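Here the structure is a predicted model, which is why all the values come from computation and not from measurement.
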Amino acid sequence: MRFIHPAAWAGLILNCGLVYFLYSMLQGAHTADLSEQEAAVINLFVAARPVILAVLLAQALSLGLIAMRLTVGLVLGCAAGGLMLPAGFVFIVGCLLSHHAAKYARFPFAPRGFAGARRVFRSGHLPRLRLYCGVTGLLAVFLFTADSSGVGSIVLGLALAGAFLSLRANAQHPLALFGEHFTLAPEFMAPRLAVRYGQVRSASLFPDESILFDVETDQGPARLTWALTSLRKEDRQAAVDELGLALSAHGAQLR
């Protein structure tokens, strides 16, 4: 289970804790003191206990499948997390991060920080994420003010998920060049990977602004695709030029 991101564990614990808390409260509830509609909601929630427990079990099972590098684990995790919105957003984000960590397990993950880097290129997703957080946050406030707390809770969950991803993008830049290696995040939800320049056998730049690397890893040859669109538009050509120079100095060409 070494690929499972802490956010996935936190989401699972959060969902289990909320279910336990709600059922603990319902055990002491007196339906006679409630309206007919409120009593019906509580009775429905109690009757749905086997389904809710099955959803929690599906979430736990999905983590095991993700750790086994099976895509069905991600599908199951997102579906089971979606049934417990808005709290399920934490689990869904954790599943996405875990899936990508397992997907790129053949490559060594880069340590935190960028100490010693010659050049660090910032994420191009940040402005869009910050705009998204602002819009969804304001919408959530409006919905709560308009007494639409159910929808507002879901929108607030979306805003918090966006805030987490924004902080992550701000700390995890898509490309950094060091003396003997470079680090890159091949996808938005993927971890930063550390690749030695000498490991790269070839690198091809495609018209869709993506680069395909043929890399010799400790576990054998592997291919890695990275999109330049993850960078700010004004930094893309500089990234190609500087990465190309670093690769050519170690015997590989970026074509």
Side-chain angles (χ1 to χ4, degrees), residues 1-29 41-105 109-113 125 129 132-133 136-137 140-141 143-144 149-172 185 187-192:
M1 304 291 276
R2 65 189 180 93
F3 303 122
I4 303 304
H5 194 274
W9 292 118
L12 180 60
I13 293 171
L14 174 63
N15 292 338
C16 291
L18 285 175
V19 170
Y20 176 79
F21 175 74
L22 288 173
Y23 277 117
S24 297
M25 288 186 61
L26 291 179
Q27 285 181 352
V41 171
I42 289 179
N43 290 332
L44 177 63
F45 193 73
V46 171
R49 181 179 297 179
V51 176
I52 294 174
L53 293 178
V55 169
L56 293 176
L57 180 61
Q59 291 182 5
L61 176 62
S62 70
L63 297 185
L65 294 173
I66 289 173
M68 295 167 63
R69 306 184 193 180
L70 297 176
T71 305
V72 67
L74 176 63
V75 176
L76 179 61
C78 290
L83 293 173
M84 297 191 67
L85 296 178
F89 279 123
V90 178
F91 183 76
I92 291 173
V93 170
C95 284
L96 288 167
L97 294 172
S98 302
H99 168 77
H100 285 87
K103 180 179 178 180
Y104 293 101
F109 296 165
R112 292 178 180 271
H125 298 298
L129 281 170
Y132 166 84
C133 292
T136 52
V141 171
L143 290 171
F144 276 111
S149 56
V151 179
S153 297
I154 295 177
V155 176
L156 178 61
L158 287 169
L160 292 175
F164 170 79
L165 294 176
S166 179
L167 291 172
R168 184 174 182 274
N170 188 50
Q172 183 162 315
E187 297 180 63
F188 178 65
M189 301 295 285
R192 274 175 54 236

Q: For atom CZ of F109, decide whether the heavy atoms of other residues, nucleotides or ligands shown that lie under 6.0 angstrom number more than 12.
A: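 Yes, the 6.0 Å shell around CZ holds more than 12 heavy atoms from other groups.
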Give a yes or no answer on whether the side chain of [X] reaches the backbone of [Y] with a donor-acceptor pair at less than 3.5 Å.
X	Y	answer
Q59	A8	no
S98	H5	yes
S24	Y20	yes
Y104	A185	no

Quick check: closest heavy atoms across [X] and [Y], and the distance to 0.1 Å?
X	Y	value
A161	V93	CB-CG2, 4.2 Å
G137	A159	N-CB, 3.9 Å
F91	S62	CZ-OG, 3.5 Å
A140	G152	CB-O, 4.0 Å

With a 4.5 Å cut-off on side-chain heavy atoms, are [Y] and [X] touching?
X	Y	value
F188	L129	yes
L57	L61	no
L156	P86	no
W9	I4	yes
L158	F89	yes

Q | Sole residue of N15, V19, L83 in side-chain contact (heavy atoms from CB on, under 4.5 Å) with I52 | A |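 Exactly one pass, corresponding to V19.
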Q) Does the pair L53 and Y23 meet the rule for a side-chain contact (heavy atoms from CB on, under 4.5 Å), with working shown? A) CA-CA 11 Å; L53 293 178; Y23 277 117; 5.8 Å; no
Interatomic distance, [X] atom [atom1] to [Y] atom [atom2] [nearest 0.5 angstrom]:
X	Y	atom1	atom2	answer
I66	H100	CD1	NE2	11.0 Å
R112	R192	CZ	CZ	9.5 Å
L165	L97	CG	CG	7.0 Å
H125	Q172	NE2	CD	11.0 Å
L76	L63	CG	CG	9.5 Å
L56	L12	CG	CG	7.0 Å

Q.
Test side-chain contact (heavy atoms from CB on, under 4.5 Å) on M84 and L18; report intermediate values, then the result.
A. CA-CA 10 Å; M84 297 191 67; L18 285 175; 5.7 Å; no
(Q) Evaluate F144 against V155 for side-chain contact (heavy atoms from CB on, under 4.5 Å), listing each step before the verdict. (A) CA-CA 10 Å; F144 276 111; V155 176; over 6 Å; no
